[in-house]
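Remarks on the structure that follows.
For this chain, numbers begin at 1 and follow the sequence in order. Not measured: the values here are computed from a predicted model. Order of appearance sets the numbers: ligands from 1, and atoms from 1 within every ligand. Any value given below was found using the heavy atoms of this structure, including those in side chains, with hydrogens, waters and symmetry copies removed.
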Amino acid sequence: MSEHFSVTATTGRTVRILVAESPARLGWAAAELLLQEWKAREGRAFRVGLPTGNTPRLFYSVLIGMGLEREIDFHDISTWNLDEYLDLPAWHPGSYRTYMEKHLFGFVNLPRENIHFLNGTTRDWKVTCNRYERLIRESGGIDLQVLGIGVNGHIAFNEPGTPGESRTRLVRLSERTVQENARLFPDPKEAPEFALTMGIQTILEAKKIVLLASGGGKANAVYESLCEPPDPRVPASFLQNHPGELIYILDRAAAAELPVPDE
Ligand code: PGA
């Protein structure tokens, strides 16, 4: 079971909200949405921006399951990950590249050359970030950007204080984010303090955006992202300026502070 409603954000734009009954349902709804959007491309290239973290894990496992069951050929999808830690080699157990291999890439027949990642071990982060921006643009732009949201309202690694016009760049992570992410490292002391990330403006250029959030810890960030005016204090609040379709797929706990329209 899931429930749909709309929220009018402070900028006047409408945001479609889908509340899923369980994290598994949330993953299922996100995977169905991705497949629908892909089908609507009718064989043309489909470029999808992907997040990491706890929340998207079920989205990826459902996608793998659907891929196997429906014998889906992923050849005309290209993927663009949002961010990567600085100075972690791709093979490191804590890197986002390893996460993606473990949770998606290792189980679908996505051609390796269709996978795009920021290179965390670059010698020149500016060149790497500018090249990523250029590649996205030259590929035709991201059709569907899937996002998570941090408890502090970050999207990708755009931490509180990030201006709305930010682009792909090197960032220092907030102490809270470093702590949150430390649990994903075999040795928590190894959790990096720096990362490369798509900027807010880069994200807003995607044609369609879907944000996934699960758990009560996200409820306030979800509320502020739509019901408070866009402000660098809550980077996700800039999503209200997105000119295309914006959809939130939440579980009940993450949706708890949103205004639910009267019947
Ligand atoms: P989470 O991370 O899914 O692990 O909560 C989301 C994010 O920080 O973007």
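- Residue H154 approaches ligand 1 through these ligand atoms, each under 4.0 Å from one of its heavy atoms: 7 (C), 8 (O), 9 (O).
- The protein atom (non-hydrogen) at minimum distance from atom 3 (O) of ligand 1 is T55 OG1, 2.5 Å.
- Using a 4.0 Å cut-off between heavy atoms, L147 makes no contact with ligand 1 at all.
- For atom 2 (O) of ligand 1, the nearest non-hydrogen atom of the protein is K218 NZ, 4.0 Å.
- Checked by atom type, the side-chain pair T10/Q240 shows a donor-acceptor distance below 3.5 Å.
- For atom 6 (C) of ligand 1, the nearest non-hydrogen atom of the protein is I149 O, 3.5 Å.
- Close approach to N54 involves these atoms of ligand 1, each under 4.0 Å from a residue heavy atom: 1 (P), 3 (O), 4 (O).
- Residues N181 and F157 form a side-chain contact, since some pair of their non-hydrogen atoms from C-beta on lies under 4.5 Å apart.
- A side-chain donor-acceptor contact under 3.5 Å links Y248 and S225.
- The aromatic ring centroids of Y85 and F194 lie 6.0 Å or more from each other.
- Counting only N and O atoms by type, the side chains of E133 and T202 include a donor and acceptor under 3.5 Å apart.
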